[in-house]
S.K.: 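First, the structure itself, so that you have it in front of you.
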Protein chains: 2
Amino acid sequence: MRRYSRRVSVPLHYVVKTRLVELVEQLGEGTALPPERVLAKDFGVSRWTMRQAIRELIADGRLRARQGQGTFVATPKIVQPLALVSYTEALRAQGHTPAREVVRFDEIPADDVLAEQLAVAPGDPVFELERVLFADEQPIGLETTYLSVARFPSLREVLEPTGSLYRCLTGQLGVEFGEGEELVETVIATPREAELLKATQQLPMLLLHRRTRDSAGHPIEVVRSLYRGDRVGFRATLRP
Amino acid sequence: MRRYSRRVSVPLHYVVKTRLVELVEQLGEGTALPPERVLAKDFGVSRWTMRQAIRELIADGRLRARQGQGTFVATPKIVQPLALVSYTEALRAQGHTPAREVVRFDEIPADDVLAEQLAVAPGDPVFELERVLFADEQPIGLETTYLSVARFPSLREVLEPTGSLYRCLTGQLGVEFGEGEELVETVIATPREAELLKATQQLPMLLLHRRTRDSAGHPIEVVRSLYRGDRVGFRATLRP
DNA sequence: AAGTGGTCTAGACCACTCC
DNA sequence: GAGTGGTCTAGACCACTTG
């Protein structure tokens with residue numbers, strides 16, 4: 001029945017957050033926190049306020065909640081390069097274990113936007129390859145790639161679905177990458193996307209939208225990658 | 001292919017969100033929505049559930065809430081280049097009106113991390129220039145720049161505080177930029193940062209951490225930029 | 001003063017995991 | 001079945017903006 005009678009310039013959940021950070025810093029990675037209900041009682045706040053604080057620390061990548069299990073101190077974020085490199089090789093270079101799982105690999109008719117981006121006619125068949133990206137057996141990203149079927153007719157036979165698409169294109173199909181463009185923004189995942197990433201609702205995600213071309217300027221692929229904002233960061237190299 | 005279990009029920013706030021999107025799409029930019037309490041009643045849900053849906057649409061950049069005024073349909077996100085270019089010029093090139101406001105311009109002693117990054121000794125004086133970045137008179141970013149005082153002793157005299165630091169360095173101080181590095185991640189702003197950006201709590205932000213060097217490889221500046229995730233996206237050019 | 005969004009409480013039930 | 005996090009309700013007060 002506490003009333004926040006006192007005028008607080010700082011929201012209560014932020015005060016709780018800063019106190020919770022102190023607790024988190026005393027614990028090691030992977031350590032379980034007390035249950036929300038217990039923490040709320042200890043801090044003298046409602047469970048809702050406690051959850052606000054926890055949610056912020058989850059979004060910041062410091063905590064990790066698993067339904068039915070508890071809340072745990074998270075491991076540091078994985079930093080990936082923002083460049084035309086293989087996911088597999090980039091992750092290995094940082095000492096992590098990469099993996100992929102195919103969600104779907106279909107041929108769909110290109111809508112107007114996709115057709116324009118891939119330089120095909122609307123309605124032309126396009127490969128849609130959707131894969132969940134794992135790092136150390138944790139899902140961290142959902143990658144959807146679109147390629148022209150007419151341009152890569154042998155893709156289904158040549159590509160090992162859980163292998164590196166980048167390597168397949170450059171190696172087996174003789175594609176030479178030219179300049180590409182990548183857009184980065186934050187979004188909230190749909191329930192389907194959140195489930196595939198084993199993330200809870202309301203978690204900020206990093207959405208990368210990539211368009212690559214070959215050295216002659218012809219479109220190769222359009223990629224929509226959704227990464228868990230709590231688990232992943234990106235590194236870009238700036239050239240003068 | 002792995003089977004992903006299907007969620008039995010979609011969260012109510014997501015159902016509300018999708019219905020709210022339909023409403024938003026019928027309205028023009030800048031249009032006011034009905035008050036939360038009215039919307040909640042219309043949709044037959046509690047105000048909390050209504051706010052979850054609204055919060056997601058705010059994070060996605062489709063809505064915009066102003067305390068005491070109402071909730072409005074937002075304008076599209078501003079896309080900035082992820083490159084060594086002037087904020088002023090980049091924004092002008094996209095048809096927006098850039099502006100800056102100095103929050104503080106101090107000399108502080110370098111801590112160990114900063115000293116290492118700027119190649120000075122710990123305790124050495126370092127400029128700390130914190131500015132709010134505006135686009136079309138709306139605050140969209142908070143930029144904190146650190147430079148060695150010893151390296152740029154005349155900075156206070158030369159720099160117009162609301163002008164382009166990039167232009168000042170390259171033009172008046174004869175600095176030649178070499179390769180730089182930029183880290184991108186999502187974070188939740190502190191109350192102070194949220195207030196400076198006139199954003200509400202709990203809004204996902206894009207944090208950019210930049211380190212630049214001159215053509216000889218000596219550190220020029222360390223920049224911490226916090227951008228409103230609901231208002232800004234970034235574009236990077238990928239080179240093979 | 002009225003009305004808006006922002007924060008907070010207390011309590012309930014649901015979905016998932018482990019015993 | 002017990003315990004965890006996830007969702008949802010109803011109601012209250014706070015802080016801000018405008019008439």
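Lettering of chains follows the sequences in order, A, B, ..., and the numbering in each one begins at 1. Scope of the values below: all heavy atoms of this structure, side chains included, with no hydrogens, waters or symmetry mates.
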S.K.: Can you tell me the distance, in whole Å, between the CD atom of Gln52(A) and the C1' atom of dG6(D)?
M.R.: 13 Å
S.K.: Of the candidate nucleotides dT9(D), dC8(C), dT7(D), which contains the atom at the shortest distance from the side chain of Leu12(A)?
M.R.: dC8(C)
S.K.: What integer distance in Å separates Arg51(B):CZ from dA12(D):C1'?
M.R.: 14 Å
S.K.: Within the pair Arg47(B) and dG11(D), is there a side-chain N or O less than 4.0 Å away from OP1 or OP2?
M.R.: no
S.K.: Counting only side-chain heavy atoms from C-beta out, which of dC8(C), dC16(C), dC8(D) sits nearest to Gln67(A)?
M.R.: dC16(C)
S.K.: To the side chain of Glu36(B), which of dT9(D), dG5(C), dT9(C) is closest?
M.R.: dG5(C)
S.K.: For dG5(D), take OP1 and OP2 only and decide whether either is under 4.0 Å from a side-chain N or O of Thr71(A).
M.R.: yes
S.K.: Once you round it to whole Å, what is the distance between P of dG5(D) and CG of Leu33(A)?
M.R.: 9 Å
S.K.: Measure the distance from CZ on Arg64(A) to C1' on dT17(C) and round it to the nearest whole Å.
M.R.: 16 Å
S.K.: Please report the distance, rounded to the nearest Å, between CD in Glu195(B) and P in dG6(C).
M.R.: 15 Å
S.K.: DNA chain C: Arg37(A) or Trp48(B), which has the more 5' nearest nucleotide?
M.R.: Trp48(B)
S.K.: Do Arg62(A) and Glu25(A) meet the salt-bridge criterion of a basic N to acidic O distance under 4.0 Å?
M.R.: yes
S.K.: Apply side chain to side chain donor-acceptor pair (under 3.5 Å) to the pair Thr75(A) and Arg231(A), showing each step before the final yes or no.
M.R.: CA-CA 8 Å; Thr75(A) 54; Arg231(A) 305 296 310 128; 2.8 Å; yes
S.K.: To the nearest Å, give me how far apart CE (Met50(A)) and C1' (dC8(C)) are.
M.R.: 14 Å
S.K.: In whole Å, I'd like the distance from the CD1 atom of Ile58(B) to the C1' atom of dG6(C).
M.R.: 11 Å
S.K.: Taking the side chain as C-beta and beyond, is there a heavy-atom pair between Phe127(A) and Glu221(A) under 4.5 Å?
M.R.: no
S.K.: Can Glu101(B) and Lys198(B) be counted as an ion pair, charged N to O under 4.0 angstrom?
M.R.: no
S.K.: Within the pair Gln69(A) and dC18(C), is there a side-chain N or O less than 4.0 Å away from OP1 or OP2?
M.R.: yes
S.K.: Tell me the closest heavy-atom pair linking Leu82(A) and Leu208(A), and the distance in Å.
M.R.: CD1-CD2, 3.5 Å
S.K.: Rounded to the Å, how far apart are Phe72(A) CZ and dT17(C) P?
M.R.: 12 Å
